[in-house]
Engineer: 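I'd like to ask you about the structure that follows.
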2 protein chains.
Amino acid sequence: MSQSVSPLAPHVFPELPPVAGVKFATAEAGIRYNNRTDVLLMAFDRGTTVAGVFTRSKCPSAPVEWCEAKLAAGKARALVVNSGNANAFTGRAGRDAVKLTAEIAAAAAGCRPREVFLASTGVIGEPLDATKFEGVLADCAARAADGPWLEAAKAIMTTDTFPKVATRSVDLDGVPVTLVGIAKGAGMIAPDMATMLSFVVTDAPIAAPVLQNLLDRGVVDTFNALTIDGDTSTSDTLLMFATGAAAERGAPVIAETRDKRLTGFRAALFDLLGDLARQVARDGEGARKFITITVSGATSKRSARKIAMSIANSPLVKTAVAGEDANWGRVVMAVGKAGEPAERDKLTIWFGDIRVARKGARDPDYDEAATSAYMKGSEIEIKVDLALGVASDTVWTCDLTKEYVAINGDYRS
Amino acid sequence: MSQSVSPLAPHVFPELPPVAGVKFATAEAGIRYNNRTDVLLMAFDRGTTVAGVFTRSKCPSAPVEWCEAKLAAGKARALVVNSGNANAFTGRAGRDAVKLTAEIAAAAAGCRPREVFLASTGVIGEPLDATKFEGVLADCAARAADGPWLEAAKAIMTTDTFPKVATRSVDLDGVPVTLVGIAKGAGMIAPDMATMLSFVVTDAPIAAPVLQNLLDRGVVDTFNALTIDGDTSTSDTLLMFATGAAAERGAPVIAETRDKRLTGFRAALFDLLGDLARQVARDGEGARKFITITVSGATSKRSARKIAMSIANSPLVKTAVAGEDANWGRVVMAVGKAGEPAERDKLTIWFGDIRVARKGARDPDYDEAATSAYMKGSEIEIKVDLALGVASDTVWTCDLTKEYVAINGDYRS
């Protein structure tokens, strides 16, 4: 199925600088696609630390299990990502494929297999033929360079309609360090893809436990605040690598989570993760509108998140937005079904800056024409105030269109 | 929007007998629709008991709040159901409309307002003009008869494409008693409808607390095992009325939940509730396929239900079924995201009788052609065995088609 680029795609891509200590190359391994790159090899300098956050699925893919096991040592020398086959639910063959891929990559990058991190995205349930990486990864290692990042982002796409990249530059104790991240979205293609992958690299010298802490905290309001359809992939993987190359230019090695010098870096990282997460929502399958949902006045942030996600995952709310209908009744429905503290007669609801409902009924001043005009836009904000407490939360999603159903259901027709 | 009748509609409707002690009539009150009935009045003989189960929404409609409050007394003399306006999220005006409706109905039926039960389905957030019931309900009371039930079922439809009715006859301590039930489905129409209503009447003499116990237990594996889109209405209402008229023919009055004579009646009631619930799934918006999902080998029934519902509510599973794709990878995904005990490498998955996956991988004997043929049918069964325990559960849903999106999102286009 050919798809046009999402109308929510960025108009220009940012300039993506090299990150000292990281080189990479892409190749066509012929896993599933023809005439496009489908494998990415990154090689990291000795001393690179790694942290990761993975799907909470009880049925994770073989690469996810590999990465989780290898993360304990906190060291990385190579990353291999392939698109076209997720190597999920492939049993013993899946574990063998992961091991062989790591061995091939280790030989290519001159490291040990346990220093190789892996991610796969694509078809579930079909064996991944890892022998296809033989030669290909050695060639990648020989060609590896410090750019262009856009090619790395393209090699890991499945039904994504645009590559997702972001970069930040920030001072670490006065020394400029760089962050670059790439991501692929919740894209599906015949017959069964569903994987969110993201990789972030930095030249900042940060110890693995600190990096893990940063990532654990960083995903809460970024990738974990994102939903396309409420379906959690077996392969969701976010890995972050810190080469430490900036130490040569005087950047301090950060070994403690509480190090005050991390403040700016942490903010830049969270900002970058949010940027990538929002790009994933903007490329949700069939997406025509990017939706930001904010719930305030909740009794706790957890409660606000649960209500916001109930709204974001409601097919009725998402189809209403697709239909350009400011259907606040469905928002009330989604608040009500979340099971969290909420009082109907205290609810206030806005679409953008237009207050459509207050105190348990339609706002008498609600302007239908202004609201209709607002709903025609491609950026829709839904705000709900519960008037019960002071906690709030924001999540992102996209609308639910006929194209979503077509992308995910039309294989056989 | 005009819609054709669901391809999953029954070919013939059952013969629906009168239930002694119940009379009813329908009328055109002009709430929202033109040229169709939109109000149903049922009048019950003195001594009729009542039980009810309602939405768990934290933001229920005004009629739901009324019924819940009046249920304590366990007595009913009248039921008023209107379609076209759900009287939900209408604030003070909504409570006033409920009170006025009950007063008009009480005058018409010759009872007290607190003996009147109410349900509304239709638009959310718009005031219901209860004065439209003046005269109409008195006229209904004057015309009330013991049939035809199909007209009662039609008057409460919104975007339902067929009326939902069911009947059972069963002996109560040797005396035949009758059950008749009607339901309306999760239908939406511009701009915001979402209500499941069902009403069951019997001439069996059953005390209100016993009736409530029967209903509470009866919904677990019937209406609560049903999902169209995971969105819970603010108005879901199931009311059951027992006129006791069969006592004249010698049926015993059942005053204890543990009364052994209830066994057959209980089974008939549960069977009838299941019948109605499945009819609702068969008329889910845009439904082309009726899906039965069974999870076995779970550690508890609660766990099996949660996993079955995770599969049933997964947009990716539902679009795959719409696309006639036996996509067991997505079933694994949905099992994995449920958060319940599950081990990937122990899973077995069947579509119909075809085992497509076992022990964490594709079944080597899996016949793609036979599976494709099976998926073209309109009744799809998905079975998952977790191989962890002995608990199982079954839920029903329908596929997710472009028509669902069209019905719920195309108002403005």
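Just so we're on the same page: letters track the sequence lines, and every chain starts at 1. Computed from a predicted structure; not experimentally measured.
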Engineer: CD1 of A:Ile349 to CZ of B:Phe89: how many Å apart, nearest 0.5 Å?
Structural biologist: 4.5 Å

Engineer: In Å and rounded to the nearest 0.5 Å, what is the OG to CE distance from B:Ser61 to A:Met333?
Structural biologist: 14.0 Å

Engineer: Looking at every non-hydrogen atom in both residues, tell me the closest pair between A:Pro315 and B:Tyr404 and how far apart they are.
Structural biologist: CB-OH, 3.4 Å

Engineer: Select, from B:Glu340, B:Glu343, B:Lys318, B:Glu403, the one with the greatest count of heavy-atom pairs under 4.5 Å involving chain A.
Structural biologist: B:Glu340

Engineer: Which of the residues B:Ser314, B:Ser310, B:Ala322, B:Ala342 is involved in the greatest number of heavy-atom pairs with chain A at under 4.5 angstrom?
Structural biologist: B:Ser314

Engineer: With a 4.5 Å heavy-atom cut-off, do A:Arg95 and B:Asp345 have their side chains touching?
Structural biologist: yes

Engineer: If I take atom NZ from residue B:Lys402 and atom OG1 from residue A:Thr401, how far apart are they, to the nearest 0.5 angstrom?
Structural biologist: 10.0 Å

Engineer: Of the non-hydrogen atoms in A:Val405 and B:Leu400, which two are nearest, and what is the gap between them?
Structural biologist: CG1-O, 3.6 Å

Engineer: Using non-hydrogen atoms only, which part of A:Ala357 is less than 4.5 Å away from chain B: side chain, backbone, both, or neither?
Structural biologist: side chain

Engineer: Quick one: list whatever passes salt bridge (charged side-chain N to carboxylate O under 4.0 Å, His left out) with A:Lys359, sequence neighbours left out.
Structural biologist: none

Engineer: Under 4.0 Å between a Lys/Arg side-chain N and an Asp/Glu carboxylate O for B:Lys337 and A:Asp236?
Structural biologist: no

Engineer: Do you know which of B:Gly339, B:Pro341, B:Gly94 has the most heavy-atom pairs under 4.5 Å to chain A?
Structural biologist: B:Gly339

Engineer: Under 4.5 Å between any side-chain heavy atoms of A:Arg362 and B:Glu126, yes or no?
Structural biologist: yes

Engineer: Looking only at non-hydrogen atoms, find the nearest pair between A:Ala361 and B:Thr90 and report the distance.
Structural biologist: CB-C, 4.0 Å

Engineer: Could you pull out all residues at least two apart from B:Asp96 that satisfy salt bridge (charged side-chain N to carboxylate O under 4.0 Å, His left out)?
Structural biologist: B:Arg92

Engineer: Give the member of A:Gly91, A:Ala93, A:Ala334 that has the highest number of heavy-atom pairs under 4.5 Å with chain B.
Structural biologist: A:Gly91

Engineer: Measure the NZ-CG distance between B:Lys58 and A:Leu386 for me, rounded to the nearest 0.5 Å.
Structural biologist: 12.0 Å

